[in-house]
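Letters go in sequence order (proteins before strands), and every chain restarts at 1. In this text the structure is predicted, and so the values were computed from the model without any measurement.
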Amino acid sequence: MERMDDLRNALLEFLIRSPFRDTEEKESMVKHMLQVYSKSDNDSGFKKTFLLKIIQNDLLSSHSISISDHHLKIFDYLEELFLRDAVPVPATISAAYCAVAVECTIKYLHLNLPHNLLYLRAVKRIWRLRISHMREGSLLFSEELERWRSDLETSLLDSKVRERLASTDTRGNAIMKLRAFFNQASTVFGCPFAPLTAIENEAQGNEGGHTEHTDNTQRNEEGVENIGDCISGELQEDNEKTFLSWSTDINDDEVDQVEKDQVKDEAGRVRTSRFHLASPNKKKHSPLKIYRPVAIAKRRTTKRWSRLEEETLKNGVETFGRGKWKVILNAHKDIFGERTEDDLKDKWRSMILYGCK
DNA sequence: ATAGGGGTACGA
DNA sequence: TCGTACCCCTAT
């Protein structure tokens, strides 16, 4: 059994360190792993470590990793696990979450684009849709988070605030807060995996300069995904008005619209916008959902139909009519006992079939 | 809620 | 192994 655990850990370690095409692919790996392990649901310490390792590996394996929404998602999973287990929670979790959320947003400011839709969308996506809907008593909530939220909201209207935000090293801060969180987390619930010593040392050797100071060129090249989707251009002075008018009431449809309008079709014409309905709400199923085998495991012990039951069923059909299974069942609960409407239906089917009615 | 197709577990 | 009882799914 112990050897199985070792094998499992080794496989996961391998998986965590494997290169992924994009964050989407990685995200789906995380989701699948959580689903697989939700079958052994008692092992939530293992799941937490797994999630931590994912972020940790991102930070250590590459000097220019992009802190992204994917990492926020991992925090959501972690929170769910902590809440469910009612175990001691590392206090640094909310600070780390805040710093990551800030970096996920501010990184788009460094693009210095004229119509910085990516920044607008990040504010909307992360701060309006995700954070402002945070439940009461969320482990990820903090006063600091709230302060950032209002700062970022005002930044949409005020270029001075944007400049100030852009000049802070949110990335370095995020990495620092994550480190603090890891350190505390490992003392809180240990670490079933073998430590990533080799990589850790390597990263620490190169730490200076990379985490402290990140210039905008590096961000532009490596810090932000989907850069190809951005419209390149220089920051213009008269952008303020446009920016302001968008930001007063951004909704995704409008933002999408602006982007669509900028896309041209094969013929080179600007694609006309079509009326469209909102897509139906996709129900989100958490991969952490508790696995409940009871519902599917139970099967009643087979009981042969007695002569009396068959007679009662036959009379029931005669008096109430074929198909009134519920009525027939309720009328003779004493005789049918554990049987269900479905059983009556099936029994009648077989009685007809084998001609013993 | 029911009909009916189809699959499978149980027990003799 | 086979017949029966039970289960599950989908359309109505």
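Per the geometry, CZ belonging to A:Arg304 stands 12 Å off C1' belonging to C:dC2, to the nearest Å. The separation between A:Leu353 atom CG and B:dG5 atom C1' is 12 Å, rounded to whole Å. Atom CH2 of A:Trp348 and atom P of C:dC6 are 17 Å apart (whole Å). Regarding A:Ile352, its CD1 atom lies at a distance of 17 Å from the C1' atom of C:dA5, rounded to whole Å. A:Glu309 places its CD atom 14 Å from the C1' atom of C:dC6, with the value rounded to the nearest Å. Following rounding to the nearest Å, A:Leu329 (CG) and B:dA1 (C1') show an atom-to-atom distance of 13 Å.
In this structure A:Ser150 satisfies the side chain to side chain donor-acceptor pair (under 3.5 Å) test with no other residue, sequence neighbours excluded. In this structure A:Phe141 satisfies the ring pair (Phe, Tyr, Trp, His ring centres under 6.0 Å) test with no other residue, sequence neighbours excluded. Residues passing the side chain to side chain donor-acceptor pair (under 3.5 Å) test with A:Lys324: none are found, sequence neighbours excluded. Every residue meeting the salt bridge (charged side-chain N to carboxylate O under 4.0 Å, His left out) condition with A:Glu146, not counting sequence neighbours, appears here in chain and number order: A:Arg149. Partners of A:Arg349 according to the salt bridge (charged side-chain N to carboxylate O under 4.0 Å, His left out) rule, which considers only residues two or more places apart in sequence or in another chain, are A:Asp346.
Hydrophobic cluster membership of A:Leu308, counting Ile, Leu, Val, Met, Phe, Trp and Tyr whose side-chain heavy atoms lie under 4.5 Å apart directly or via other members: A:Ile335.
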**Item:** Contact pattern, 5' to 3', of nucleotides 7-12 of chain B - B, S or - by protein heavy atom under 4.0 Å
**Value:** --BS--
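Applying the ring-ring contact (aromatic ring centres under 6.0 Å, His included) definition to pairs two or more places apart or across chains, those involving residues 156-182 of chain A are A:Phe75-A:Phe181.
OP1 or OP2 of C:dA5 has at least one side-chain nitrogen or oxygen of A:Lys347 nearer than 4.0 Å. Phosphate proximity of C:dC6 to A:Trp305: present, with a side-chain N or O under 4.0 Å from OP1 or OP2.
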**Item:** Test log, rule salt bridge (Lys or Arg N to Asp or Glu O under 4.0 Å), inputs A:Glu310 and A:Lys347
**Value:** CA-CA 8 Å; A:Glu310 287 175 358; A:Lys347 181 59 186 173; 3.2 Å; yes
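Taking 4.0 Å as the cut-off between side-chain N and carboxylate O, A:Asp69 and A:Arg130 do not count as a salt-bridged pair.
Near DNA chain B, meaning a heavy atom under 4.0 Å from it, residues 330-346 of chain A has A:Glu341, A:Lys345 in order of number.
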